[in-house]
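The sequence lines fix the lettering, A, B, ..., with proteins before strands; numbering per chain opens at 1. Note that these values count all heavy atoms, side chains included, but never hydrogens, waters or copies made by symmetry.
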Amino acid sequence: MAQHETAHEESHGSLKTYSIGFLCSIVLTIIPIAIVLGGWFDGMVSKVVLMGAAALQFIVQLIFFMHLREEQKPRYNLMALILGIVILLIIVVGSMWIMLYNMVAV
Amino acid sequence: MWEKVKSFASEFFVTGDPMIYGADVSIVLVTLAIIVGLSYFKKWGWLWREWLTTVDHKKIGIMYIIASFIMLFRGGVDALLMRAQLAMPNMEFLAADHYNQVFTTHGVIMILFMAMPFMFGLFNVIVPLQIGARDVAYPFLNALSFWLFFSGAMLFNLSFVIGGSPDAGWLAYPPYSGLMHNPGVGQDFYIWGIQISGIGSLMTGINFIVTILKMRAPGMKLMKMPMFPWSVLSSCIAIIFSFPILTATLALLFLDRYAGAHFFTLDGGGNPMMYINLIWMWGHPEVYIIVLPAFGIFSEIVSTFAKKKLFGYKSMVFAMIIISVLSFLVWAHHFFTMGSGADVNAFFALTTMLIAIPTGVKVFNWLFTMFRGKITFETPMLWTIGFIPCFVTGGMTGVLLSVAPADFQFHNSYFLVAHFHHVIIGGVVFGYFAGLYYWWPKLFGFKLNERIGKWAFWLWNIGFYLCFMPQYVLGLMGMTRRVYTYGWDKGWWEMNLVSTIGAGFMGIAFLFQIWQIIYSVKHLKKDETGDPWNGRTLEWSIPSPAPLYNFATLPQVSDQDEWWEEKQRRANGQQVPAKPVLEPIHMPKNSGIPIVMSMCWFLAGFGFVFHWQWLTIPGLIGVVACMLVHSFNYNNDYYIPVDEITRTESELRKVTS
């Protein structure tokens with residue numbers, strides 16, 4: 001137990017950064033809901049906007065709440081993130097590939 | 001009024017089968033016996049203080065292992081019921097729908113509620129001791145993981161006496177697991193049992209990654225870490241990336257059933273194939289999650305009992321990490337026959353065959369470790385030696401299955417059933433047994449009886465080959481999995497009868513193991529050394545069972561097999577054991593929140609199963625309340641004073657020093 005007392009000195013953000021992060025994530029949540037419920041765009045445009053909002057939301061979470069920029073070495077969080085993204089891509093691209101070629105699905 | 005109660009009860013409880021009534025009676029009797037026993041001996045306070053609220057990783061580990069043995073019993077009974085039904089043609093022992101329930105619960109229990117907790121139990125009791133830590137990184141979270149697993153397992157197991165068991169197979173493929181074809185509550189028990197215990201599994205994965213990365217003893221570089229923590233690390237990496245997929249997939253299935261969504265339905269734009277695709281993205285890594293720690297255990301045992309350093313340490317580490325990442329690239333080999341086309345099948349066939357390479361590397365490493373070693377054949381080593389040929393042949397039938405065109409013949413036949421039992425029993429079960437026998441003295445301070453252990457080993461092995469080798473042949477003869485009966489004209493009965501006899505052998509072997517434990521407790525021969533196998537790693541440097549704080553002073557590590565090297569140094573007189581300078585030890589306090597919070601989850605899950613909002617909502621409120629209480633509780637640690645450590649140490653080391 002003695003080991004992890006010493007590791008508590010890194011900063012974990014301030015009220016200001018948390019507020020900015022919270023606002024950003026709320027806005028990025030409201031936009032997609034409004035688009036879907038209001039039917040502002042359709043087809044390709046709405047897909048691109050929705051996915052864009054999701055990607056921005058992901059970045060906001062990582063920077064303001066996961067404190068990715070403030071990490072000290074060794075950068076386990078960054079390594080885990082990269083591996084996570086690789087696996088995420090495998091899952092998404094792999095599923096699309098498998099399901100698109102799936103004769104039953106067509 | 002009475003009529004209403006009667007009609008509710010006949011829906012709520014499972015009725016009609018004499019075996020179920022027998023189970024009802026025995027559940028009530030066992031529960032009564034436990035309650036009466038605890039009250040008579042006035043042990044409720046002891047149970048609450050020492051076990052139910054503990055955050056000590058060793059006790060949590062022991063509870064995991066006990067729970068997994070109970071689940072092994074239930075899953076084993078399911079297996080024997082199935083084998084009894086298949087022993088002869090046209091048997092009328094189990095009806096078709098009952099058979100479906102039995103194979104479903106057998107699969108779910110054996111993987112999720114037997115193998116997983118057995119594995120977590122071994123993680124818990126050994127990893128902190130091997131890396132020279134005093135506990136895991138998050139002791140509270142660890143207790144919460146255990147109780148979540150336990151609640152999930154209880155919720156799932158309740159289904160066979162209340163409401164009805166799930167019957168859609170261990171992975172619950174839609175459309176059969178959808179509401180349209182499966183309107184009963186069994187499938188909801190499945191979803192919530194797995195969801196609740198899945199949260200626990202994910203948290204354990206995080207907990208052990210942090211423990212291994214952050215809490216190693218001073219001087220223990222990653223590449224000087226024993227092999228078991230390496231296997232735990234690679235297994236946990238796969239856990240944290242694959243369990244969220246399971247949770248999401250089952251959540252979507254739940255929405256289909258509960259809220260009328262159409263993710264996996266046949267109409268409304270849904271696609272059941274997507275479920276199969278998603279569930280195997282978890283399902284395949286899952287089998288590597290459970291087998292990697294077994295590889296770690298074998299590595300420790302081989303080097304201890306051959307009295308040699310592990311051959312090819314670095315290649316072993318790389319092989320484990322590669323297996324854990326590659327396991328995410330092979331999932332489609334479970335549904336080659338789905339019709340995704342030659343490109344997809346070729347890709348996944350190749351990645352599957354690639355996994356055989358790192359696995360082969362490990363087998364050679366174990367063989368070379370044994371080469372010219374002074375091997376002794378105690379039970380842990382016997383299980384290891386039993387494992388190697390079993391896993392190699394089982395792995396090879398896996399390579400046969402990975403050939404996509406041939407798979408169209410093998411798919412969902414008994415060939416497949418034989419293959420996965422071959423690798424999971426031969427790899428996982430043998431591995432965890434080996435680990436349990438090996439570390440038992442560390443857990444409880446005495447060895448298990450060797451003679452009965454050898455009987456159990458041979459019965460398990462003979463039973464295993466008798467049971468599963470005929471199933472390969474049956475598969476090639478056209479017997480498909482999950483058939484509940486067959487006719488005389490098929491020509492399958494001889495093989496099936498042999499297989500059932502083999503299953504009976506394994507059942508007897510399990511009884512031998514229980515007898516072995518009871519016998520060894522009765523004829524207790526206490527191990528005073530703390531190092532009964534002449535071990536190589538740090539867990540053997542402390543007394544058994546380990547004191548609450550594990551290490552009075554944290555060890556300073558300079559070598560890969562630190563304790564072995566230390567013993568050599570002491571024997572050569574190069575180093576006298578240093579007089580320890582004791583300091584107060586910082587420890588976490590016990591907490592009742594994990595068990596209370598898990599009970600709230602249990603109630604919420606039960607409410608979800610029966611669509612009882614009056615139970616779900618209070619349950620979920622209870623969960624949130626527990627979180628709040630825990631976040632505002634600052635009184636959660638204490639220090640063990642130096643004189644108490646001195647007293648404990650002198651008592652424990654009376655004989656050794």
Could you check whether atom CE of A:M44 has more than 12 heavy atoms from other residues, nucleotides or ligands sitting under 6.0 Å from it?
no
With a 4.5 angstrom heavy-atom cut-off, could you sort out which part of B:D343 is near chain A: side chain, backbone, both or neither?
both
Look at atom CD1 of A:I26 and say whether more than 12 heavy atoms of other residues, nucleotides or ligands are closer to it than 6.0 Å.
yes
Mark yes when over 12 heavy atoms from residues, nucleotides or ligands other than A:M96 sit less than 6.0 Å from its CE; otherwise mark no.
no
Side-chain touch B:F241/A:I91, heavy atoms, less than 4.5 angstrom
no
More than 12 heavy atoms of other residues, nucleotides or ligands under 6.0 Å from OH of B:Y638: is that the case?
yes
Segment of A:L83 engaging chain B (4.5 angstrom heavy-atom cut-off)
both
Which members of residues 203-213 of chain B, sorted by number, sit under 4.5 angstrom from chain A on a heavy-atom basis?
B:L213
For A:I87, is it the side chain, the backbone, both or neither that has a heavy atom under 4.5 Å from a heavy atom of chain B?
side chain
Does any backbone or side-chain atom of B:Y549 lie under 4.5 Å from a heavy atom of chain A? Answer side chain, backbone, both or neither.
neither
Mark yes when over 12 heavy atoms from residues, nucleotides or ligands other than B:Y138 sit less than 6.0 Å from its OH; otherwise mark no.
no
State whether the number of non-hydrogen atoms from other residues, nucleotides or ligands found under 6.0 Å of A:K47 atom NZ is greater than 12.
no
CA sep, side-chain torsions, deciding dist, call: A:I98, B:F347, side-chain contact (heavy atoms from CB on, under 4.5 Å):
CA-CA 11 Å; A:I98 291 171; B:F347 174 82; over 6 Å; no
Tell me, side chain or backbone of B:I245 under 4.5 Å from chain A's heavy atoms, or both, or neither?
side chain
Neighbour count above 12 (heavy atom, 6.0 Å) for B:F408 CZ:
yes
Chain A contact residues among residues 279-289 of chain B, heavy-atom distance under 4.5 Å:
B:M281
Report the distance from atom CG of B:N271 to atom CE of A:M99, rounding to the nearest 0.5 Å.
4.0 Å
